[in-house]
Amino acid sequence: MPVIVPGAPYTECTANDCAAHGGPGKPGTFTFKPNTADKDVKAYRWRLLTSDADATKRVTAPTTNASVQVKDVKPGLPGAQTLSVEASDLKLDKEGRVRWGPPAELAFKVAAAPGPTGRWRFDDGGPGSGLTVAKDTGEVGSRHDLVLRDEAGTGWSTLARRGAGDYSLRLNDNLSDPSKQVGYASTDGAAVNTQDSFTVSAWAYLTDASANHVVLSAPGEYGSAFTLYYSSAYKKWVFNRTDRDENDPVYIRSLAEEESPPLRVWTHLTGVFDTQGDADKSNDTIQLFINGRPQGAPIVLADAAPTYEPWTADRNLMIGRSKVAGAYGEYFLGRIDEIAVWQDSRTPEQIREEDRLDKDGVPANELVAHWDATISQGSQVIESPEDPDDPASTTFPYRRGPLTLSGSGAALTGEDETALVLNGSSGYASATGPVVDETGSFTVSARVRLNKTLLAAKPVGYRGLVAAQATPVGKESSWALWVEKPAENVYRWKFGRTAVDSNGKVTDTAIDMGQEPVGDKEWDTWVDVTGVFDSGLPFSGGDGSERFGAAQLFIGQFAQQGGDDLGLDTVQQGGGSLSAGRGSGGGATGHYLPGTWRRCVFGSAR
């Protein structure tokens with residue numbers, strides 16, 4: 001094991017002292033030395049144990065057995081951390097791999113990050129309450145409440161990120177006349193210092209892509225110091241800064257990696273401005289994050305615009321509009337919720353935590369679709385009402401419409417409770433999808449009962465799909481839950497994702513499956529199968545880079561770990577048919593489910 005010597009600002013934890021220093025994103029200096037028993041150390045590799053193993057970094061010693069000083073150990077989260085370091089002589093083992101010695105570990109503690117300087121949850125009042133103020137529940141500095149401006153274009157909405165009982169800010173999409181779509185909200189005073197490092201984030205539910213629509217901005221005399229918005233020209237989400245407060249500034253943009261984001265879904269947007277903790281403007285950067293994932297590398301502002309200055313916006317923080325050439329415009333259409341502002345540059349780990357939207361340690365999961373065969377009849381599986389005591393209730397804010405049964409092979413029947421019975425050869429139900437933002441985190445869960453006799457008659461390799469969403473082109477499923485027959489009398493539950501190119505060719509897959517085959521207790525009984533896609537979960541991509549987004553299967557309440565390739569390198573959004581009991585892609589792939597289907601629910605988070 002090598003020797004680790006800590007440097008500023010972090011100190012080693014001992015039995016009697018474990019003081020916190022630094023903070024998330026604050027780099028620490030550590031020196032790596034060879035063990036006295038070693039004479040041929042040529043390199044070291046290290047990582048923080050709170051990071052993924054694929055995040056290991058390597059450094060070469062200047063001469064054999066020399067010490068190495070590393071100055072960029074950046075913990076991403078507060079609290080106790082462990083630095084693990086291994087030494088190597090760079091010789092190869094029998095498998096041709098570089099051999100590394102046992103790890104040395106050093107424990108240190110990272111100080112807690114400052115809380116948000118502003119946070120607005122919009123849970124102050126509901127539709128018809130008459131309230132026009134959203135309270136600031138930030139933790140640092142002065143409070144700046146938000147005031148809803150223009151009563152016709154602003155209001156409270158029950159369609160909110162935390163689901164039933166929560167509220168969001170509704171802006172302008174209830175007005176058909178564009179000249180009247182001028183509703184917005186603003187703070188009573190500047191809520192963020194745009195001259196120093198800051199982070200802004202919000203959940204946005206965009207309903208129109210025909211024009212620019214601003215989520216957040218910080219205006220000055222002539223323009224906006226930053227703007228977080230949807231650009232109709234780029235067809236992307238954008239986080240930008242301007243070089244100066246002028247009528248005709250230079251716009252420096254951090255762009256989303258993907259075009260044409262899905263509408264009418266909740267998208268988590270984060271913009272980070274980082275001064276690197278110094279007064280040197282030449283290294284200032286901006287970066288956009290979407291659903292917890294970084295969008296490209298940080299943009300160095302001075303490289304993009306030599307005239308750049310980190311100027312201070314001295315007006316109210318704007319929600320739903322921006323300032324350009326001295327005039328306000330680019331009003332938002334849709335919903336905005338869970339806005340937060342920090343006066344520091346959040347680390348990627350902290351941004352992923354914010355994206356989880358935890359409450360009592362559990363991510364907020366908003367129900368966005370629920371089809372229930374137990375209350376259905378005739379030729380359609382209807383949506384579950386928001387109020388179980390009122391089957392006619394239509395107040396649920398996400399109305400998707402019914403699943404329509406196929407002409408044959410599917411029937412709503414049952415002695416005790418109605419269910420969708422599928423014959424395994426032609427029966428299914430379908431609707432137009434997608435119903436969730438598949439570029440972000442989502443959950444799909446279904447309650448099904450397999451027909452063992454019909455499955456036993458299927459050939460080896462057969463797949464019976466419980467639920468699936470088609471890709472925009474081709475005959476694949478963007479996501480699917482299914483049971484597969486890999487060998488005679490062997491069956492496994494699976495959840496997977498598939499990405500395709502513009503021609504429908506498969507470019508990437510991610511699959512998790514049950515650790516064990518379907519057991520005796522799972523036959524002819526109701527089983528809950530759930531697929532979760534976690535957009536913020538990091539993994540190593542095929543090219544060795546860090547990627548985000550992984551699939552996870554649950555059988556009942558139990559997480560499965562049967563898959564080898566869980567990560568999806570490519571961002572993929574489905575399109576077209578959503579099916580229950582059949583493969584997507586127009587039905588050409590078949591994969592009819594032999595069994596009975598009771599209900600299917602979708603959530604907009606993990």
Side-chain angles (χ1 to χ4, degrees), residues 6-10 21-31 46 48 55 57 59 68-78 110-118 140-141 190-201 216-228 238-246 248-255 270-289 294-315 317 341-351 546:
Y10 302 107
H21 301 283
K26 306 296 184 183
T29 298
F30 293 83
T31 300
W46 62 272
L48 295 170
K57 296 184 179 180
V59 59
V68 172
Q69 188 180 71
V70 177
K71 299 182 178 181
D72 62 341
V73 179
K74 288 186 178 182
L77 296 170
V110 181
T117 56
V140 178
V192 59
N193 177 6
T194 60
Q195 185 176 344
D196 202 357
S197 295
F198 68 83
T199 302
V200 295
S201 82
L216 298 172
S217 72
E221 181 69 22
Y222 301 101
S224 301
F226 79 81
T227 310
L228 184 63
V238 181
F239 177 58
N240 76 15
R241 280 212 65 150
T242 52
D243 65 331
R244 296 174 185 272
D245 189 9
E246 298 176 343
D248 189 22
V250 177
Y251 292 94
I252 311 161
R253 302 176 178 91
S254 177
L255 299 170
T270 305
V272 179
F273 170 61
D274 191 356
T275 65
Q276 314 301 326
D278 57 39
D280 180 7
K281 65 181 181 181
S282 69
N283 60 10
D284 293 358
T285 64
I286 59 170
Q287 188 173 24
L288 173 68
F289 289 73
Q295 302 299 294
I299 305 299
V300 179
L301 294 154
D303 289 350
T307 53
Y308 156 74
E309 293 286 345
W311 64 276
T312 303
D314 58 359
R315 305 298 199 272
L317 179 69
V341 177
W342 296 264
Q343 200 61 65
D344 67 356
S345 55
R346 300 270 98 178
T347 67
E349 293 87 349
Q350 290 172 309
I351 292 170
E546 187 176 47

Exercise. About how many Å separate CD of Q69 and OG1 of T31, when rounded to the nearest 0.5 Å?
Worked result: 4.5 Å
Problem set entry | 4.5 Å side-chain heavy-atom contact, K57 and V73 | no
N/O donor-acceptor pairs under 3.5 Å from side chains in residues 304-312, not counting sequence neighbours:
from, atom 1, to, atom 2, distance (Å)
T307, OG1, D243, OD2, 2.5
Y308, OH, D284, OD2, 2.7
E309, OE2, K281, NZ, 2.4
W311, NE1, T242, O, 3.2
W311, NE1, T242, OG1, 3.2
T312, OG1, Q195, OE1, 2.9

For this session: Might you point out which heavy atoms bring S345 and V272 nearest each other, and give the distance in Å?
Result: CB-CG1, 3.7 Å
Exercise. Taking T347 for the side chain and G76 for the main chain, is one N or O donor matched with an acceptor at less than 3.5 Å?
Worked result: yes
Problem set entry | Y10 vs T29, side chain to side chain contact (heavy atoms under 4.5 Å, CB included): CA-CA, chis, key distance, verdict | CA-CA 8 Å; Y10 302 107; T29 298; over 6 Å; no
Exercise. Do V59 and V70 touch side chain to side chain, with heavy atoms closer than 4.5 Å?
Worked result: yes
Problem set entry | Spacing of CD1 belonging to I351 relative to OG1 belonging to T270, to within rounding of 0.5 Å | 5.5 Å
Seminar exercise, completed: Heavy-atom nearest pair, I299 first then R253, reads CG1-O, 3.6 Å
Exercise. With a 4.5 Å limit on heavy-atom distance, are the side chains of F289 and S201 in contact?
Worked result: no
Problem set entry | Backbone of G296 reached by a side-chain donor or acceptor of Q287 within 3.5 Å | yes
Exercise. Taking C-beta and beyond as the side chain, do Y251 and R241 meet within less than 4.5 Å on heavy atoms?
Worked result: no
Exercise. Nearest heavy-atom pair of G23 and P75: which atoms, and what distance?
Worked result: O-CG, 4.0 Å
Problem set entry | V192 and T117, any side-chain heavy atoms less than 4.5 Å apart | no
Exercise. Which atom pair, heavy atoms only, marks the closest approach of L317 to S217?
Worked result: CD1-O, 3.4 Å
For residues 221-228, run the donor-acceptor check on the side chains, cut-off 3.5 Å, and write out each pair with its distance to 0.1 Å, sequence neighbours left out.
from, atom 1, to, atom 2, distance (Å)
E221, OE1, R315, NH2, 2.3
S224, OG, K323, N, 3.0
S224, OG, K323, O, 3.1

Exercise. Can you tell me if Q343 uses its side chain to pair, donor with acceptor, with the backbone of N193 under 3.5 Å?
Worked result: yes
Exercise. Is the backbone of A313 close enough, under 3.5 Å, to the side chain of T194 for a donor and an acceptor to pair up by distance?
Worked result: yes
For this session: Measure the shortest side-chain to side-chain distance between N283 and D278 over non-hydrogen atoms and say whether it is less than 4.5 angstrom.
Result: yes
Problem set entry | Distance-minimising heavy-atom pair for A111 and G22 | CB-O, 3.3 Å
Exercise. Any salt bridge between R346 and D344, counting N to O under 4.0 Å?
Worked result: yes
Exercise. What's the shortest heavy-atom distance between P9 and G28, and which atoms?
Worked result: CD-CA, 3.8 Å
For this session: Decide yes or no for D196 and F273: does some side-chain heavy atom of the first lie under 4.5 Å from some side-chain heavy atom of the second?
Result: no
Exercise. Is any side-chain heavy atom of V341 closer than 4.5 Å to a side-chain heavy atom of T199?
Worked result: no
